[in-house]
Amino acid sequence: MSTLREQTIALAGVAQAARIVDQISKTGSYPLEFLESSVNSLFVFDLEHAEDIFKGLPGVRLGLQNLCALLVNQRDMEQRDAVRYFFNVLHLERRFAADEQLREVVRSRLEHASFRAEHFAGNVGDVCHSVSGIYQDTFSKLPQRIKIMGSAQHLENNQNADIVRSLLLAGIRSAYLWRQLGGRRWKLVMQRKAMLKSAQELSRGLGLV
């Protein structure tokens, strides 16, 4: 299995989380299929391939689509905030990777929350409420927090806030997987064209391009 292919899928998970955060913060709506795929990825602790955390490649289809767009043009004004969230998540993941205690706390809390996730299967709102608390108790306390831009009406909605925090944690999880697969920020710059080609090939396999 190509390492670049695996890295691309993991990075698409970051792009998917960033895209949905941008959408819900501005419109209050979200694609349920991909929200569930991203949030449920938090409860996949053992995997053989990167797509396993999304229960298959279709679960990260939105992320692949947006990763392609990001790699083609990072200065697209329509995607400006989503691109910022994408790189903010990669930055937070670096803090996560360097802090063993933080990793242990998050892992333990997610394992506990996975039982609730099974109980609330089909109700992503309840799952996000549980996961949101993990983010608030850990990453929200770090000095470098991610500032979300959007409509106050949507951001002040408690359920939307829970979803946003859950997606940011899902993005960090995907970014950490990307790092485990050998991904690095400098490599992303050096391998941008190769990564774009890989994302386009995966998207083509899903009938997106």
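What you are looking at is a predicted structure, and each value in this text was computed from that prediction instead of being measured.
- Pairs of residues two or more places apart, or lying in two chains, that qualify as ring-ring contact (aromatic ring centres under 6.0 Å, His included) and include a residue from residues 154-180 are F96-Y176.
- Counting only residues at least two apart or in different chains, salt bridge (charged side-chain N to carboxylate O under 4.0 Å, His left out) contacts with residues 170-185 comprise E93-R179.
- Listed by chain and number, the residues in a side-chain contact (heavy atoms from CB on, under 4.5 Å) with P58 are L206 (sequence neighbours excluded).
- Checked against side-chain hydrogen bond (donor to acceptor under 3.5 Å, both in side chains), T8 has the following partners two or more places apart in sequence or in another chain: S198.
- The salt bridge (charged side-chain N to carboxylate O under 4.0 Å, His left out) pairs that include a residue from residues 98-112 are R107-E111, R109-D137, where partners are two or more places apart or lie in different chains.
- When atom types are taken as modelled, the side chain of Q16 and the backbone of G63 share a donor-acceptor pair closer than 3.5 angstrom.
- Hydrophobic clustering, defined by side-chain heavy atoms of Ile, Leu, Val, Met, Phe, Trp and Tyr closer than 4.5 Å, groups W186 together with M190.
- Among residues at least two apart or in separate chains, salt bridge (charged side-chain N to carboxylate O under 4.0 Å, His left out) pairs with a member in residues 8-31 are D22-K26, K26-D81.
- For the ring-ring contact (aromatic ring centres under 6.0 Å, His included) test, residues two or more places apart in sequence or in another chain that qualify with Y135 are F139.
- Residues meeting the side-chain hydrogen bond (donor to acceptor under 3.5 Å, both in side chains) test with Q79, sequence neighbours left out: none.
- Within the structure, salt bridge (charged side-chain N to carboxylate O under 4.0 Å, His left out) pairs that include any residue of residues 147-169 comprise D162-R165 (at least two apart or interchain).
- Annotation: side-chain hydrogen bond (donor to acceptor under 3.5 Å, both in side chains) contacts of K187 (sequence neighbours excluded): none.
- The side-chain hydrogen bond (donor to acceptor under 3.5 Å, both in side chains) search around S151 returns none, not counting sequence neighbours.
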